[in-house]
2 protein chains.
Amino acid sequence: MAGRHSTLREQRRAETHRLIQAHAVRLFVARGYDGTTVNDVAEAAGVSAMTVYRHFPTKEDLVLADRNGPLVAERIAASPAGQPLVRRIGGALVESARSLTEGDDRFLLARLRLMIATPALRARHLDNHYVLQRAIVDALGDEAADPDAAFRATAAASACLAVMHTALVRWAEDDGRADLPDLIATALAAAFDIPGPTPLGASPPPA
Amino acid sequence: MAGRHSTLREQRRAETHRLIQAHAVRLFVARGYDGTTVNDVAEAAGVSAMTVYRHFPTKEDLVLADRNGPLVAERIAASPAGQPLVRRIGGALVESARSLTEGDDRFLLARLRLMIATPALRARHLDNHYVLQRAIVDALGDEAADPDAAFRATAAASACLAVMHTALVRWAEDDGRADLPDLIATALAAAFDIPGPTPLGASPPPA
DNA sequence: CCCTAAGTGTTAGTAACTATCAGGATGGTA
DNA sequence: TACCATCCTGATAGTTACTAACACTTAGGG
């Protein structure tokens with residue numbers, strides 16, 4: 001049996017993964033998503049096409065790779081149950097965005113722009129939200145008990161995610177200069193007509 | 001020049017169009033979307049594969065074919081400008097849904113179920129909402145003038161569309177027994193915490 | 001009665017995947 | 001150190017969605 005922590009193999013695999021994705025995004029930005037074949041990506045990364053498919057099930061996954069869904073669900077479950085649904089969900093999304101922008105902003109922005117501009121990627125990205133939406137409803141726990149409550153929770157979750165996506169688009173258009181959590185909070189406030197933490201374009205409150 | 005109303009040609013073309021789509025949806029329901037090739041559809045409809053592609057640019061379009069987007073935009077533009085955004089957009093969506101359910105419900109339900117169950121179709125369907133969202137913001141006219149207002153309008157539109165989609169899913173799960181406009185209105189009320197026209201599951205108000 | 005153009009079929013080609021087989025590197029074990 | 005199971009990778013062949021180009025048939029207008 002392979003032990004729980006194979007070091008060199010996992011390391012190599014992770015490096016190959018990163019290498020392929022980096023070259024893929026670079027080429028997509030340079031020649032366009034549709035103008036770049038998976039073979040091009042494989043060749044640029046110095047691997048075979050099969051290896052690309054082993055690391056990324058589809059060409060679209062070379063750009064998408066959202067994996068902070070569970071994080072959002074955790075925050076939802078940890079939020080106080082008394083507040084209105086939209087506030088619980090929206091709050092979790094705002095906080096998750098904070099940890100999202102901690103990594104490499106250039107890379108994230110490039111991927112985001114591809115997702116927005118390329119129909120195929122945009123569609124898959126929105127569908128990922130669809131999956132995340134179910135996770136959010138499940139994380140609400142007791143809300144998902146009776147069908148009507150689950151329906152209301154689903155409606156609220158889908159609305160919040162859509163609004164977050166709007167903020168993401170705006171953030172990308174702005175080249176990532178704005179504060180993303182703040183943008184999302186503002187968008188949520190605008191859509192749901194609740195007093196948001198800040199008016200449009202302002203800085204986050206000191207506390 | 002071809003005149004403004006070529007009768008026989010247009011008629012034949014429309015009939016072929018309808019025939020292909022009918023056979024496609026039938027086969028998709030029977031064998032699954034991924035388990036049916038475009039060649040299967042073409043053979044069942046008695047045409048060549050090329051003809052299928054001439055009528056439907058992609059395999060997904062055999063199921064999607066949403067073409068009441070402009071209708072929504074019209075209603076938006078015709079709505080009074082004083083009301084809050086969510087009410088203007090939501091109202092237009094509810095009314096559009098009324099005319100949507102006037103056709104063949106069985107066919108619409110079959111297509112809708114395919115769209116919900118098949119990832120590729122679901123993704124494209126959500127992306128169509130993304131396009132519709134831009135049309136809605138444009139229809140709001142003066143709201144789209146300054147960027148901040150456009151941002152708020154986009155957030156509201158995306159939220160409303162996401163909520164409508166939730167209602168569509170619920171409607172399909174319910175086999176179309178519920179009143180769709182009513183369902184949408186209820187979902188909007190739940191998401192935006194505004195007093196909806198009816199509580200869950202009730203009938204539409206007499207007036 | 002032509003003549004343009006639309007609709008269709010056929011063929012050949014690209015590209016995203018999938019299945020399968022074979023070789024080489026890795027990691028634990030005797 | 002020697003052995004062996006397992007993972008990673010490469011190469012090949014095949015399926016399917018989709019496109020381009022060409023030829024044929026037929027509707028519709030002069």
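Throughout, a chain's letter reflects where its sequence line sits, starting with A, and its residues are numbered from 1. Only this structure's heavy atoms are used, side chains among them; waters, hydrogens and symmetry mates stay out.
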Atom-to-atom span, CD of A/Glu10 to P of D/dC7 - whole angstrom: 12 Å

Side chain to side chain donor-acceptor pair (under 3.5 Å) involving A/Thr36 - partner list, sequence neighbours excluded: none

All pairs passing salt bridge (charged side-chain N to carboxylate O under 4.0 Å, His left out) where residues 117-134 of chain B contributes a residue, at least two apart: A/Arg122-B/Asp127, A/Asp127-B/Arg122, B/Glu60-B/Arg124, B/Asp61-B/Arg124

Out of C/dC17, D/dT19, C/dG9, whichever nucleotide has its closest atom nearest the side chain of B/Tyr53: D/dT19

Rounded interatomic separation in angstrom, taking CE from B/Met50 and P from D/dT19: 9 Å

Gap between atoms CG and C1', on B/Leu121 and D/dA17 respectively (whole Å): 14 Å

Whole-Å distance separating the NZ atom of B/Lys59 from the P atom of C/dC17: 14 Å

Partner set under side chain to side chain donor-acceptor pair (under 3.5 Å) for B/Asp105, not counting sequence neighbours: none

Distance below 4.0 Å between B/His55 side-chain N/O and C/dG7 OP1 or OP2: no

By salt bridge (charged side-chain N to carboxylate O under 4.0 Å, His left out) - contacts of B/Arg13 (at least two apart): none

Non-neighbouring partners of A/Asp104 that pass side chain to side chain donor-acceptor pair (under 3.5 Å), sequence neighbours left out: none

Close approaches to DNA chain D from residues 16-46 of chain B, in residue order (heavy atom, under 4.0 Å): B/Thr36, B/Thr37, B/Val38

Between B/Thr166 and A/Ser158: side-chain donor-acceptor atoms closer than 3.5 Å: yes

A/Lys59 to A/Tyr53 six-membered ring, cation-pi geometry met (6.0 Å, 45°): no

Inter- and intrachain pairs under salt bridge (charged side-chain N to carboxylate O under 4.0 Å, His left out), touching residues 38-57 of chain B, at least two apart: B/Arg31-B/Asp40

Residues within residues 123-130 of chain A bordering DNA chain D, heavy-atom distance below 4.0 Å: none

Atom-to-atom span, CD of B/Glu60 to P of D/dC18 - whole angstrom: 6 Å

Between the protein and nucleotides 23-27 of chain D, list every N/O to N/O distance that falls short of 3.5 Å.
| unit_1 | atom_1 | unit_2 | atom_2 | d |
| --- | --- | --- | --- | --- |
| D/dA27 | N3 | B/Arg9 | NH1 | 3.3 |

Qualifying residues under side-chain contact (heavy atoms from CB on, under 4.5 Å), relative to B/Ala156, sequence neighbours excluded: B/Leu85, B/Val86, B/Ile89

All side chain to side chain donor-acceptor pair (under 3.5 Å) counterparts of B/Glu95, not counting sequence neighbours: B/Arg75

Inter- and intrachain pairs under ring-ring contact (aromatic ring centres under 6.0 Å, His included), touching residues 160-185 of chain B, at least two apart: A/Tyr130-B/His165, B/His125-B/His165, B/His129-B/His165

